[in-house]
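Comments concern the structure below.
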Amino acid sequence: MSLDETQKSSGKRFKILIFSIIALILVVIYGLIDPSTSHFFPKCPVKSLTHYDCPGCGSQRAIHALLNFEFREAFRQNALLVLALPYLTLGVFFNLIKKPSENMMRWRNRLFGHHATLIVLGIVIAFAVLRNVF
Amino acid sequence: MDINEYLKLQTPPKSYLIESILVTVFCCMPFGIIGIVNASNVESFYKNGDYEGAEEASKKAKRWMIIGLVSGFVFGTLYFLLLMADAFLNFD
């Protein structure tokens with residue numbers, strides 16, 4: 001391994017370390033404190049301005065519920081987030097593969113290709129509309 | 001087909017779909033949705049064989065994703081600072 005590569009990988013490791021520490025702190029904060037009873041969690045700017053629920057509204061409460069294993073409550077607060085988590089995890093997994101096999105590329109294109117992306121867009125917009133109607 | 005073209009065929013440029021969805025749900029919905037639209041552009045260009053267009057769209061998707069991320073972060077920080085200032089000023 002050349003010096004340049006070594007520096008690059010240690011820089012990456014440092015990034016991962018910082019990222020993990022921040023993630024851990026957030027998990028502890030969101031696990032212990034209920035965002036709906038504390039004032040110290042940022043309110044959604046869209047909701048503050050328009051009084052409509054945006055697709056992200058309730059995600060802090062949903063995370064709090066998920067961290068306390070209250071799946072029904074999490075779903076009630078933000079169903080989109082709960083449904084998106086497995087999909088996002090899969091996406092991260094696909095992004096990590098450096099040299100995918102042909103079969104894997106086919107699945108990647110099915111799940112994250114052009115049509116899939118448009119479906120995601122449709123779901124987000126439909127969710128935004130429906131949650132304000134019902 | 002030369003090797004570079006083959007490699008391009010194997011892996012489309014990063015569409016930032018995952019990041020854009022995260023921005024939509026956690027930071028700032030409008031910019032996140034622009035990010036998802038750009039992600040679909042990346043895949044669309046790529047599918048039609050326009051690799052330069054796909055690269056261009058990928059850069060654009062990244063830009064909007066970062067704008068969303070930063071605006072969400074700035075808003076969250078400002079909110080927290082204002083609350084702290086409020087708590088500090090009303091402390092007696």
Side-chain angles (χ1 to χ4, degrees), chain A residues 26 38-50 52-60 62-63 78-85 87-102 104-105 108-109 111-125 127-128, chain B residues 6-50 53-54 57-58 61 68-69 71-87 90:
Chain A
L26 286 178
S38 166
H39 293 293
F40 284 92
F41 291 85
K43 299 275 176 291
C44 173
V46 175
K47 175 127 189 171
S48 313
L49 284 172
T50 65
Y52 286 110
D53 279 333
C54 85
C57 285
S59 46
Q60 296 186 98
I63 288 287
N78 192 327
L80 183 71
L81 172 75
V82 180
L83 293 175
L85 280 177
Y87 180 69
L88 295 172
T89 313
L90 197 67
V92 170
F93 171 72
F94 270 104
N95 279 346
L96 285 176
I97 302 169
K98 285 284 174 288
K99 285 182 190 123
S101 68
E102 204 175 298
M104 233 163 212
M105 272 315 282
R108 190 226 162 261
N109 286 337
L111 291 168
F112 300 94
H114 186 218
H115 290 290
T117 313
L118 288 179
I119 291 169
V120 167
L121 184 64
I123 291 173
V124 170
I125 291 171
F127 180 69
Chain B
Y6 179 75
L7 282 174
K8 268 186 184 170
L9 272 178
Q10 278 291 304
T11 45
K14 204 164 157 47
S15 75
Y16 295 97
L17 177 64
I18 306 297
E19 290 86 343
S20 296
I21 296 174
L22 285 171
V23 167
T24 307
V25 180
F26 286 116
C27 291
C28 184
M29 181 271 284
F31 294 130
I33 287 185
I34 296 171
I36 299 176
V37 171
N38 278 303
S40 96
N41 282 342
V42 175
E43 300 289 343
S44 164
F45 279 123
Y46 179 77
K47 208 172 69 176
N48 294 324
D50 183 355
S58 171
L69 197 67
S71 62
F73 188 75
V74 167
F75 181 83
T77 313
L78 277 180
Y79 186 86
F80 187 75
L81 286 177
L82 278 175
L83 268 175
M84 290 302 268
D86 188 53
N90 293 321

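Letters go in sequence order (proteins before strands), and every chain restarts at 1.
Each of A:Thr117, A:Leu118, A:Asn78 has some count of heavy-atom pairs under 4.5 Å with chain B, and the biggest count is that of A:Thr117.
Both the backbone and the side chain of B:Ile18 come within less than 4.5 Å of a heavy atom of chain A. Only the side chain of A:Leu80 comes within contact range of chain B, judged by heavy atoms closer than 4.5 Å.
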- [ ] Evaluate the criterion side chain to side chain contact (heavy atoms under 4.5 Å, CB included) for residue pair A:Val92 and A:Leu88; output intermediate values, then yes/no.
- [x] CA-CA 6 Å; A:Val92 170; A:Leu88 295 172; 5.5 Å; no
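Heavy atoms only, all atoms of each residue included: B:Thr24 and A:Pro55 are closest at CG2-CB, 4.3 Å. In terms of heavy atoms, A:Leu81 sits closest to A:Ser59 at CD2-O, 3.8 Å.
A:Phe112 contributes atom CZ, which lies 4.5 Å from atom CG of A:Leu90 (distance to the nearest 0.5 angstrom).
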